[in-house]
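Structure record follows, encoded as structure tokens.
Quick note on labels: first sequence line is chain A, next is B, and so on, each numbered from 1.
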Amino acid sequence: MATKVRVRFAPSPTGGLHLGGVRTVLFNYLFARHHGGDFVLRIEDTDNTRFVEGAEDYIMETLRWCGMEPDESPAAGGPFAPYRQSERKANYLQYAEKLVADGHAYYAFDTPEELEEMRNTFKSAENPSPQYDHKLRMKMRNSLSLGEEEVSRLISEGVPYVIRIKMPDNQTIGFTDMIRGEVNFSTSTVDDKVLLKKDGMPTYHLAVVVDDYLMKITHAFRGEEWLPSAPVHLLLWNYLGWSDAMPQWAHLPLILKPDGNGKLSKRDGDRLGFPVFAMNWTDPRSNEFTQGFRERGFLPEAFVNMLAMLGWNDGTGKEIFSMQELIASFDMSRVHKGGAKFDFEKAKWFNHEWIKASSAARLLPDVKNSLTSAGISVTDDRYLATVIDMVKERCTLLPDFVEQSGFFFNAPASPDMEPVKAKWNLDKNLFFTDLPGVLEALPDWNAVAVETAFKEMAVARAIKVGELQLPFRLMLVGGKFGPAVFDIAATIGKDEVIARIKKGLESLA
RNA sequence: GCCGCGUUGGUCAAUCGGUUAAGACGCAUCCCUUUCACGGAUGAAUGACGGGUUCGAUUCCCGUACGCGGUACCA
């Protein structure tokens with residue numbers, strides 16, 4: 001195929017990006033890169049009543065964090081600029097007018113109140129939500145029912161109107177979805193969607209078609225919730241005479257809430273205690289705060305990996321993928337048809353795997369950040385790197401590094417010796433009283449040397465080494481966790497070890 | 001109500017008609033470790049239900065049930 005692949009992610013800037021949104025971008029991105037194509041970000045801000053300040057920056061920042069920089073975007077520009085639909089407003093009218101001229105659309109003058117009234121009068125048990133369609137449009141006030149003179153009079157008087165598509169009343173229309181295969185609809189069940197609003201802005205339906213055409217989009221991927229309006233888009237591509245250029249479509253499955261049923265929402269996250277947005281987000285209107293995966297301590301590699309596996313797999317059982325590996329193996333036809341329930345435990349597992357597999361150098365800036373915000377100052381990066389390698393396998397989320405490595409930097413505030421108090425005795429007390437002197441005399445300071453000295457001393461005094469290790473750990477670490485004690489001792493240094501032993505002894509007194 | 005999409009263990013899922021239906025998460029037990037982890041081992045689903053097609057169906061078709069999505073001058 002000669003045409004270059006071009007895909008787009010087209011969010012509306014109404015708030016933070018949730019899991020489903022990020023996954024939609026991801027699949028777009030993977031597909032584009034897999035085929036060496038272009039990935040464009042187009043902001044669909046056609047509804048100014050829902051516009052939220054900061055949402056666009058948030059989206060850009062999320063893409064950056066995830067490593068999915070668009071080739072073309074409002075910020076980066078590109079050959080098809082502008083990339084904000086609000087700035088392309090002037091484009092749409094001509095196409096809507098052309099549709100009217102060709103008899104595929106019409107002017108409608110109904111006020112919101114009249115629409116409301118229509119819905120009320122025709123509402124019934126069998127038809128709870130009457131549609132503005134081929135059955136009702138002649139009962140409404142539009143250029144089909146009113147007659148030419150009346151219409152031109154209304155228009156010249158400046159009466160506000162919208163332009164609606166005229167859906168054929170009995171036609172079957174279908175297309176091949178890259179994920180679902182053949183999908184067919186009967187046009188008689190689709191209503192006459194508004195194409196151009198009275199403020200002159202297009203609705204999504206007109207805007208996607210026009211912009212996908214103008215921007216030469218070859219593949220259009222979006223959430224499953226768009227499937228029912230696909231026939232409108234199909235018709236528009238036809239009516240506008242662009243059938244040959246119509247992109248291939250794929251409707252992605254939804255991400256569902258972990259318990260019960262339904263689409264995952266940020267409320268579920270609040271309720272169940274996990275993030276739903278990629279990054280922290282505070283709604284400027286309500287001041288409502290929502291935590292993000294990034295701030296919760298997820299690595300972008302893990303976040304992306306986890307999202308990719310929610311609805312897709314390569315068929316081999318492989319689960320850990322880098323972005324490069326995802327790009328290499330991604331295939332839209334292997335995307336699931338059914339929605340997947342989100343499992344936060346599994347998400348954490350991905351993060352844990354990525355932390356374990358990451359080098360200290362990769363982890364260092366993030367860990368340093370966590371430590372710093374917990375009040376632990378790090379001055380020696382090499383020392384931190386050593387510590388990271390020692391503790392990373394026991395850290396699931398980035399903030400776990402605070403507890404797991406804090407004692408390498410600061411002595412435990414007040415070592416809790418409670419777990420060993422019951423079996424504490426004079427011999428043990430003597431052991432630890434004499435230990436500093438022995439350690440002090442050690443010519444070499446390393447884990448083996450400390451361990452050897454420690455064990456020889458224990459044997460000489462006929463005390464079980466095991467009985468001594470826990471108190472030693474408590475003195476050094478402050479809790480029952482962490483790497484091997486002698487490794488810790490070797491790392492924090494002779495003076496510090498001796499100081500902590502003395503301090504531990506004090507709290508046992 | 002109508003239209004569309006979907007339905008393999010608690011969850012994510014492999015299987016593109018054919019031996020005992022992979023694997024992962026989580027869970028349980030055990031081993032390793034006299035810390036916590038990591039690692040290793042073991043255990044627990046007969047494929048929503050009912051009909052077909054076929055020598056043979058989890059895999060194809062139909063129906064039912066259930067779930068989800070849509071049914072806005074929101075995307």
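- Atom pair A/R119:CZ and B/C73:C1' shows a separation of 10 Å (rounding to whole Å applied).
- A/K318 comes within contact range of no nucleotide atom at all, as no heavy-atom separation falls under 4.0 Å.
- Using a 3.5 Å distance cut-off with no hydrogens or angles, the side chains of A/E44 and A/S12 do not pair a donor with an acceptor.
- Using bins of under 30°, 30° to 60° and over 60° for the plane-to-plane angle, the ring pair A/H233/A/W249 lands in the perpendicular bin.
- The shortest distance between the side-chain N/O atoms of A/R180 and the OP1/OP2 oxygens of B/G69 is not below 4.0 Å.
- Using a 4.0 Å cut-off, no side-chain N or O of A/N184 falls inside it from OP1 or OP2 of B/G4.
- As judged by a 4.0 angstrom heavy-atom cut-off over every strand, A/L195 is placed among residues making no nucleic acid contact.
- Distance CZ (A/R50) to C1' (B/A72): 11 Å, rounded to an integer number of Å.
- Within 4.0 Å of A/E126, counting heavy atoms only, lies at least one base atom of the nucleic acid.
- Contact annotation: A/K341 does not reach the phosphate of B/G67 (side-chain N/O to OP1 or OP2, under 4.0 Å).
- Residue-level contact check: A/G223 touches neither bases nor backbone, having no heavy atom under 4.0 Å from any strand.
- In terms of phosphate contacts, A/H336 brings a side-chain nitrogen or oxygen within less than 4.0 Å of OP1 or OP2 of B/A14.
- Remark: the A/S86 side chain and the A/D45 side chain contain an N/O donor-acceptor pair separated by less than 3.5 Å.
- Between A/K198 and A/L310, the one whose closest nucleotide on RNA chain B sits nearer the 5' end is A/L310.
- Pairing for B/C60 is with B/G52, a Watson-Crick or G-U wobble pair whose two hydrogen-bonding atom distances lie under 3.5 Å.
- Look at A/E53 and A/R285 and you find no salt bridge, because none of the NZ, NE, NH1 or NH2 atoms lies under 4.0 Å from a carboxylate O.
- The shortest distance between the side-chain N/O atoms of A/T46 and the OP1/OP2 oxygens of B/A75 is below 4.0 Å.
- In terms of modelled atom types and a separation under 3.5 Å, the side chain of A/N142 and the main chain of A/Y107 share no donor-acceptor contact.
- When rounded to the nearest whole Å, the span between NZ of A/K346 and P of B/C12 equals 10 Å.
- Using P as the reference atom, B/U58 and B/C49 are 10 Å apart when rounded to the nearest Å.
- When the P atom is used for both B/A72 and B/A14, the distance is 35 Å, rounded to whole Å.
- When the side-chain nitrogen and oxygen atoms of A/K197 are compared with OP1 and OP2 of B/A75, one or more of them lie within a distance under 4.0 Å.
- In this entry B/U19 has no Watson-Crick or G-U wobble partner, no candidate having both defining distances under 3.5 Å.
- Residues passing the salt bridge (charged side-chain N to carboxylate O under 4.0 Å, His left out) test with A/E467 are A/K423, A/K428, sequence neighbours excluded.
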Practice prompt. Classify every nucleotide of nucleotides 31-50 of chain B by which part a protein heavy atom approaches to under 4.0 Å, writing B for the base, S for the sugar-phosphate alone and - for neither, in 5'-to-3' order.
Written response: ---BBBBSS-----------
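- As a whole-Å value, the separation of A/D199 CG from B/C73 P is 13 Å.
- Within the nucleic acid shown, A/N127 comes within 4.0 Å of at least one base atom, counting heavy atoms only.
- Among the protein residues, A/R334 comes within range of the sugar-phosphate backbone only, with heavy atoms under 4.0 Å from sugar or phosphate atoms but none that close to a base.
- Going from atom CD of A/E319 over to atom P of B/A14 covers 11 Å, rounded to whole Å.
- Note: CG (A/L254) to P (B/U7) measures 14 Å, nearest angstrom.
- Taking atom C1' on both B/G63 and B/U20, the two are 33 Å apart, rounded to the nearest angstrom.
- One finds a salt bridge joining A/K193 and A/D191 here, because a Lys/Arg side-chain nitrogen approaches an Asp/Glu carboxylate oxygen to under 4.0 Å.
- Among A/W312, A/F221, A/F330, the single residue meeting the ring-ring contact (aromatic ring centres under 6.0 Å, His included) criterion with A/F27 is A/F330.
- A salt bridge links A/E319 to A/K346: at least one charged side-chain nitrogen sits closer than 4.0 Å to a carboxylate oxygen.
- If you find the closest nucleotide of RNA chain B to A/E44 and to A/L227, the one lying nearer the 5' end belongs to A/L227.
- In this structure, the CG atom of A/L115 is 15 Å from the C1' atom of B/U71, given to the nearest Å.
- Base contact: A/S129 has a heavy atom under 4.0 Å from a base atom.
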